[in-house]
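Written out below as structure tokens is the structure these notes cover.
This one's a predicted model, so the numbers in the text were calculated from it and none came from an experiment.
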Amino acid sequence: MQSSSHRFRDVEHHPLLNENDGYDSTPCEGELSDKVWFIRDGCGMVCAVITWLLVVYADFVVTFVMLLPSRDFWYSVINGTLFNCLAVLALTSHLRTMLTDPGAVPKGNATKEYMESLQLKPGEVIYKCPKCCSIKPERAHHCSICKRCIRKMDHHCPWVNNCVGEKNQRFFVLFTMYIALISTYALILCGLQLFTCVKGQWTACSSFSPPVTVILMIFLCLEGFLFLTFTAVMFGTQIHSICNDETEIERLKSEKPTWERRLRWDGMRSVFGGQPSFLWINPFAGLQVRRFLRARKGGTEFSV
């Protein structure tokens with residue numbers, strides 16, 4: 001039978017730990033409920049702030065430039081309510097993607113004592129990440145920005161300042177979906193507003209002067225077109241990955257699956273949870289405010 005030290009050398013250089021095999025998922029720095037997950041990456045934080053500012057700008061133009069000056073009361077109320085609801089859902093999805101642990105493997109848990117507690121069989125081997133000194137489950141990859149191994153890591157997205165992985169992919173999909181929807185909505189409203197202004201010869205078209213109105217709407221159209229293109233592509237890519245049970249990293253590396261694939265609806269259910277329902281498109285589902293407030297007192301999960 002192999003000695004503990006021999007097993008430990010195997011752990012340093014060879015595969016394999018399945019993603020559902022037993023290992024302690026509790027963060028080494030403390031219970032997850034006592035910490036807030038947040039990546040202190042300069043580029044990511046700037047991109048996240050820019051994302052929020054662009055959504056706020058779109059909301060400002062739609063509300064104060066196009067809807068409030070309208071003479072049709074119900075047109076303003078209905079469209080304003082729908083657009084602002086979609087904006088809230090988009091920003092909530094963004095926050096939950098950014099502040100949710102994407103599936104980080106505990107850092108520094110690949111110790112000799114922990115190896116012995118796994119009671120490995122003779123010849124049985126597992127991965128050890130040399131960068132964060134952690135036991136590396138199957139399909140986990142190390143993120144150089146988060147400086148952690150992430151389970152089912154799809155990619156690191158600076159716009160949400162976080163990795164997209166096993167535990168927050170659902171919120172990232174919702175974020176791309178709602179941004180695509182409000183971008184489409186904004187473009188339609190811009191088209192209707194332009195038609196109304198030209199038809200009325202820019203009289204009582206907006207509370208702003210015609211040149212300012214045109215400039216604001218042009219910027220909104222550019223923003224909407226770029227956001228729609230980017231998020232629609234990302235949304236389609238994510239749905240395709242989920243239905244094929246293959247992350248973007250696995251696809252780019254052409255990794256042959258060693259796991260049992262969950263295809264189509266099985267993959268969707270594994271990401272969104274349960275049978276299809278309105279909870280799938282609700283970013284507030286599962287949100288525990290009290291736990292989040294307790295977590296704020298515990299500080300950040302880790303700082304980069």
Inset, instruction - Taking the side chain as every heavy atom from C-beta outward, state whether Val65 and Pro69 have any atom pair closer than 4.5 Å. - result: no
Legend entry - Steps toward side-chain contact (heavy atoms from CB on, under 4.5 Å) verdict (Val105, Lys136): CA-CA 7 Å; Val105 178; Lys136 194 173 182 179; over 6 Å; no
Inset, instruction - For residues Met66 and Leu220, report the shortest heavy-atom separation together with the two atoms involved. - result: CE-CD2, 3.7 Å
Inset, instruction - Could you pull out the closest heavy-atom pair between Thr81 and Val77, with the gap in Å? - result: OG1-O, 2.7 Å
Inset, instruction - Please tell me if the side chains of Leu174 and Leu89 come closer than 4.5 Å, counting only heavy atoms from C-beta onward. - result: no
Legend entry - Approximate separation, where rounding is to 0.5 Å, of Thr231 OG1 and Leu228 CG: 5.5 Å
Legend entry - Shared hydrophobic cluster, Tyr57 / Leu181 (ILVMFWY, side-chain heavy atoms < 4.5 Å): yes
Legend entry - Rounded distance (nearest 0.5 Å) linking atom CE of Met98 with atom CG of Asn161: 6.5 Å
Legend entry - Pairwise side-chain contact, Val214 with Ile218, heavy-atom cut-off 4.5 Å (strictly under): yes
Inset, instruction - Indicate the atoms forming the closest heavy-atom contact of Gly224 with Ser183, along with that distance. - result: O-CB, 3.4 Å
Legend entry - Residues which pass side chain to side chain donor-acceptor pair (under 3.5 Å) with Asp154, listed by chain and number, not counting sequence neighbours: Gln238
Inset, instruction - Show the numbers, then the answer: is there a side-chain contact (heavy atoms from CB on, under 4.5 Å) between Ile50 and Trp159? - result: CA-CA 8 Å; Ile50 290 175; Trp159 296 105; 4.1 Å; yes
Inset, instruction - State, to 0.1 Å, how close Ser76 and Leu68 come at their nearest heavy-atom pair, and which atoms those are. - result: OG-N, 4.5 Å
Legend entry - Check: Val173 main-chain N/O paired with Thr176 side-chain donor or acceptor under 3.5 Å: yes
Inset, instruction - Please examine the side chains of Ile281 and Met177, heavy atoms only from C-beta on, and report whether any two atoms are closer than 4.5 Å. - result: yes
Legend entry - Short N-O contact, Asp101 and Arg148, less than 4.0 angstrom: no
Legend entry - Closest approach of Glu248 to Thr237 (non-hydrogen atoms, all atoms of both residues): OE1-CG2, 3.6 Å
Legend entry - Contacts of Asp266 that satisfy salt bridge (Lys or Arg N to Asp or Glu O under 4.0 Å) - sequence neighbours left out: Arg269
Legend entry - Backbone of His156 reached by a side-chain donor or acceptor of Asn162 within 3.5 Å: no
Inset, instruction - For Tyr75, enumerate each residue passing the ring-ring contact (aromatic ring centres under 6.0 Å, His included) test, keeping only those at least two apart in sequence or located in another chain. - result: none
Legend entry - Check ion pair Glu166-Lys152 (N to O, under 4.0 angstrom): no
Inset, instruction - Consider only side-chain heavy atoms of I, L, V, M, F, W and Y, link residues closer than 4.5 Å, and tell whether Leu82 and Ile188 are in one cluster. - result: yes
Inset, instruction - Supply the atom-to-atom distance Cys146 SG to His141 NE2, rounded to the nearest 0.5 angstrom. - result: 14.5 Å
Legend entry - Residue pair Val62, Tyr185: steps toward the side-chain contact (heavy atoms from CB on, under 4.5 Å) verdict: CA-CA 10 Å; Val62 167; Tyr185 205 164; over 6 Å; no
Legend entry - Sub-4.5 Å side-chain heavy-atom contact between Pro102 and Lys167: no
Inset, instruction - Please answer: with hydrophobic residues joined when any side-chain heavy atoms are less than 4.5 Å apart, are Leu91 and Phe60 in the same cluster? - result: yes
Inset, instruction - May I ask you to check whether Asn168 and Trp37 show a side-chain donor-acceptor distance below 3.5 Å? - result: no
Legend entry - Cys132 side chain reached by Lys147 side chain, heavy atoms, under 4.5 Å: no
Legend entry - Expected output: side-chain Ser134 to main-chain Lys107 donor-acceptor under 3.5 Å: no
Inset, instruction - Is it possible for you to say whether Tyr178 and Trp52 belong to one hydrophobic cluster, with membership spreading through side-chain heavy-atom contacts below 4.5 Å? - result: yes
Inset, instruction - For Ser277, enumerate each residue passing the side-chain contact (heavy atoms from CB on, under 4.5 Å) test, keeping only those at least two apart in sequence or located in another chain. - result: Leu279, Trp280
Legend entry - Check: Asn244 side chain, Glu246 main-chain N or O, donor-acceptor pair, under 3.5 Å: no
Inset, instruction - Taking the side chain as every heavy atom from C-beta outward, state whether Ser241 and Arg251 have any pair of such atoms under 4.5 Å apart. - result: no
Inset, instruction - Report the hydrophobic cluster partners of Met153, with the cluster defined as I, L, V, M, F, W, Y residues connected by side-chain heavy atoms closer than 4.5 angstrom, directly or transitively. - result: Ile150, Ile249
Inset, instruction - Check whether more than 12 heavy atoms from other residues, nucleotides or ligands sit under 6.0 Å from atom CZ of Phe225, and answer yes or no. - result: no
Legend entry - Straight-line distance of Phe195 CZ to Cys190 SG, nearest 0.5 Å: 15.5 Å
Inset, instruction - Can you sort out the partners of Val212 under side-chain contact (heavy atoms from CB on, under 4.5 Å), two or more places apart, ordered by chain and number? - result: Phe208, Ser209, Leu216
Inset, instruction - Could you tell me whether His155 and Phe172 have their ring centroids closer than 6.0 angstrom? - result: yes
Legend entry - Ile179 CD1 to Leu86 CG distance, which is reported to the nearest 0.5 Å: 10.0 Å
Legend entry - Residue pair Arg139 / Glu250, side-chain heavy-atom distance below 4.5 Å: yes
Legend entry - Linked, directly or transitively: Phe278 and Phe272 (ILVMFWY side chains, under 4.5 Å): yes
Legend entry - Distance (rounded to the nearest 0.5 Å) between His94 NE2 and Phe171 CZ: 13.5 Å
Inset, instruction - Check Val55 against Glu223 and note the closest heavy-atom contact, atom names and distance. - result: N-OE2, 4.1 Å
